[in-house]
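Worksheet for the structure shown next.
The chain is numbered in sequence order, starting from 1. The structure presented is a predicted model; accordingly, all values stated were derived computationally and were not measured.
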Amino acid sequence: MMSQMMPSQMHMSVEYSNGYMIQTQEPSNNDYTIQEDEWDRDLLLDPAWEKQQRKTFTAWCNSHLRKTGTGIENIEEDFRNGLKLMLLLEVISGERLPKPDRGKMRFHKIANVNKALEYITSKGVKLVSIGAEEIVDGNIKMTLGMIWTIILRFAIQDISVEGRRDGLALCALIHRHRPDLIDYAKLNKDDPMGNLNLAFEVAEKHLDIPKMLDAEDIINTPKPDERAIMTYVSCFYHAFAGAEQAETAANRICKVLGVNQENERLMEEYEKLASELLEWIRQMTPWLEDKSPETSLAAMRGKLEDFRDYRRLHKPPRVQEKCQLEINFNTLQTKLRISNRPAFMPSEGRMVSDITSAWTGLEQAEKGYEEWLLSEIRRLERLDHLAQKFQMKATSHEAWSVGKDRVLSSKDYESCSLPELRALLRKHEAFESDLAAHQDRVEQVAAIAQELNELEYHAASVINERCQAICDQWDQLGTLTQKRRDNLERMDKLLETIDQLFLEFSRRSAPFNNWMEGAMEDLQDMFIVHSVEEIQSLISAHNEFKATLPEADCERQAILSAFTEVQKIAQSYGISRNIPNPYSDITPAEIGLQWEKVKKMVPQRDSVLQEEMSRQLANEQLRRQFAAQVNIIAPWIQTRMEEIGRNSADIGGPLEDQMSQLKQLEQVITNYKSNIDKLEEHHQHIQECLIFDNKHTNYTMEHIRVGWEMILTTIARTMNEIETQILTRDAKGISQQQMNEFRQSFTHFDRVPFIKLIYCVCVCVFVQGESEFARIMTLVDPNGSNKVTFQSFVDFMTRETGDSDTSEQVLASFKILASDKPFIMPEELRRELPPEQAEYCISKMPLYKGPDGVPGSLDYSAFSTALYGESDL
């Protein structure tokens, strides 16, 4: 850089770990005015010189100011108030300057600059035409002249030349560029003659630099000729210029290869995670789709418990893996886009869309499986209830029908008296009444059997067989009953008398007995209710039944009074009091026993109903508790989702602040997980109690699960987007202000999707023509959707304005390493590149097939284009 500032002189220095430095020029105090004049003349003659000096002097100043944690960006603006100028002088001199004025007025700035200039003058430096007012006004010529004067005084004049006398500086210069030629650690400072001769010999033999100096002259002369030394050292500059260029090329290749290797590692990791997640989904889906029914309620509840374990233990880690997989994929694509690599295309079936589709199928199967489980449990409960009810009614009917066919088939009327015949006839009439009363019971048995068949009861064949037997027996009883009535009516012409009291007893006792049997069945009837209202309805029906008991007791007493009247008549006429009732087998004792059973069952039924009422009240309390929790948690989740949306839409602050806010919000969400777990436990308790509805809330546990998974996925994706913007900003060298300006511009024109596109490309349409417009359209909207995302906008702006690695740059770097040959040898790669990067290139590069190739030569041109997806290699 110095050689460009002073064309008539070459300045080159090398600083080494022992503190020695070679400096090609050592000006005296009298050289400042001369060099300043030369500086002004060069400035006026070469307009490009000013730009070069801005960059060189700014870098030199920052190399010292960064020690204090500060720096400058605009050299003529940042020194105007004199504060950083005084700080620079303190750093390079190691001395304290007078305390600066902290005001912002012009005279404060002039005072500070004057203090700096007075300090420079105090060091014996003559300042020509440089005043404080010019520096404060931002005069670039005066500012650059002042900085050059400081460099001459503090960076050149005080440099020691001892390093050139003992030969260590020249040896250090050679060792810096070619460590294989000189082992610097073995040199001896006390042997200047040997050090100088070693440097001269190595330079002549290996660097093709002729020996221009004698070691004796340098050592024995108090002040060696600077021009001679300058001429000799300049030869080293030219000799090592090519080596530095090769080193730069090698560093560029290492950087490119390092990025490529990291991208390949991320691709392999994505493939592995995607395969594992898809394999897990393929294993779980058949299990969730298996809806083989069970024959017992316990087995179905076991399946429900297995499903809860899957939801609680097995699925949550996979949800996290899916989210992390999407984040890794987006990060990889961002790195590839930033480094100008082609987008990553996963193996067939492992795309993010494939995983999302498979996951959607899993959740659909999961939802269907849960609904099927609950439906099957309800069905099995209903089946168990119906089966028990069928058994009870069938057993009762079978007990009633035992021996009825034998009685109906009897011909006892052929040898009985007229009263006995009348009794048989009345008895038969009573049986017909009983038979008619049992018709409803038989129909109930058949209806229950039909419902069991419709619900696919596992023992339906046994039920059908028993029901068929009852129906066949019932038809047979009907046929026998009609046949016996015909026979009795035929014999009735021969019989004329009948005991009216027995008949009356028989007619009233049979229905009453049936009523009691029906009442006992109802009092023992099992029930299934799911709400307080349903059990209250049963209690109301039971209370209505209890209200009919006094009327039934009156009927019982009336029936018994008829039998009592028979006993009175028998006693009055001397008839045996043990005379059987020819019309009915029902006795007063049986009626009394049945009545006592009914009265005993009533309070038992009261107790069962009250127990069920208590259970339903407890279930109602569980519903209210669940509703109270879920009505708080669901709005909380919605509020957090809105906060995430507002944070992602905020473009006013730095990306790091947005990331910090998102991380704080993520911590709040993580801390809230305990409330979700408590709600999940409460929901599990509700399901164990077989509570399937809740009128106190519109939210279900499924809503909360979906909302929770959505908030976790949303905040992870939002943080990934911010990380992507940070990565893009840092990789492309975009400042925070530029990123905010990009976002503000993008948001300002964010009206409809098409306006985004027009904003990005309209300038190029009017300025550079339709071909440039088509190129930009391909970059910002490759799918032709007429929509431009903010990331595409930033990529376009940074790609058009930034500097990034390209295949042409990598190709040029390889060409330097290959000494302009169209191929490169493996030993050249091993010599210029680190071992890992060299072996990577050797393994990936194809053999060179050109006519001028040699055995083992490699084609670096094809390799360079393949790195950026520009060939099929």
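- The shortest side-chain heavy-atom distance between Glu709 and Lys315 falls under the 4.5 Å cut-off.
- Dense packing is recorded around NZ of Lys546, with more than 12 heavy atoms of other residues, nucleotides or ligands lying under 6.0 Å away.
- Geometric assessment of Lys597 against the ring of Trp595 yields a negative cation-pi assignment under the 6.0 Å and 45° thresholds.
- Counting heavy-atom neighbours within 6.0 Å of Met710 CE, excluding the residue itself, gives a total of 12 or less.
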Is there a side chain to side chain contact (heavy atoms under 4.5 Å, CB included) between Lys483 and Asn487 once you walk through the steps? CA-CA 6 Å; Lys483 184 177 180 180; Asn487 292 332; 4.2 Å; yes
Show me, pair by pair, the donor-acceptor contacts under 3.5 angstrom made by side chains of residues 611-622, not counting sequence neighbours?
from: Glu612; atom 1: OE1; to: Arg615; atom 2: NE; distance (Å): 3.3
from: Glu612; atom 1: OE2; to: Arg615; atom 2: NE; distance (Å): 3.3
from: Glu612; atom 1: OE2; to: Arg615; atom 2: NH2; distance (Å): 2.8
from: Glu612; atom 1: OE2; to: Gln616; atom 2: NE2; distance (Å): 2.9
from: Ser614; atom 1: OG; to: Gln610; atom 2: O; distance (Å): 3.1
from: Gln616; atom 1: OE1; to: Ser531; atom 2: N; distance (Å): 3.2
from: Gln616; atom 1: NE2; to: Val529; atom 2: O; distance (Å): 3.2
from: Glu620; atom 1: OE1; to: Arg623; atom 2: NH1; distance (Å): 3.3
from: Glu620; atom 1: OE2; to: His696; atom 2: NE2; distance (Å): 2.4

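- When all heavy atoms are compared, the tightest approach of Leu277 to Leu325 is CD2-CD2, 4.3 Å.
- More than 12 non-hydrogen atoms from other residues, nucleotides or ligands lie less than 6.0 angstrom from CG of Asp525.
- No side-chain heavy atom of Glu366 sits under 4.5 Å from any side-chain heavy atom of Glu370.
- Between Asn698 and His703, the closest side-chain pair of non-hydrogen atoms is not below 4.5 Å.
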Could you walk me through whether Arg311 and Glu702 pass salt bridge (charged side-chain N to carboxylate O under 4.0 Å, His left out), step by step? CA-CA 11 Å; Arg311 271 271 183 82; Glu702 185 63 24; 3.3 Å; yes
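- With Trp636 as the aromatic partner, Arg640 meets the cation-pi criteria of under 6.0 angstrom to the ring centre and within 45 degrees of the ring axis.
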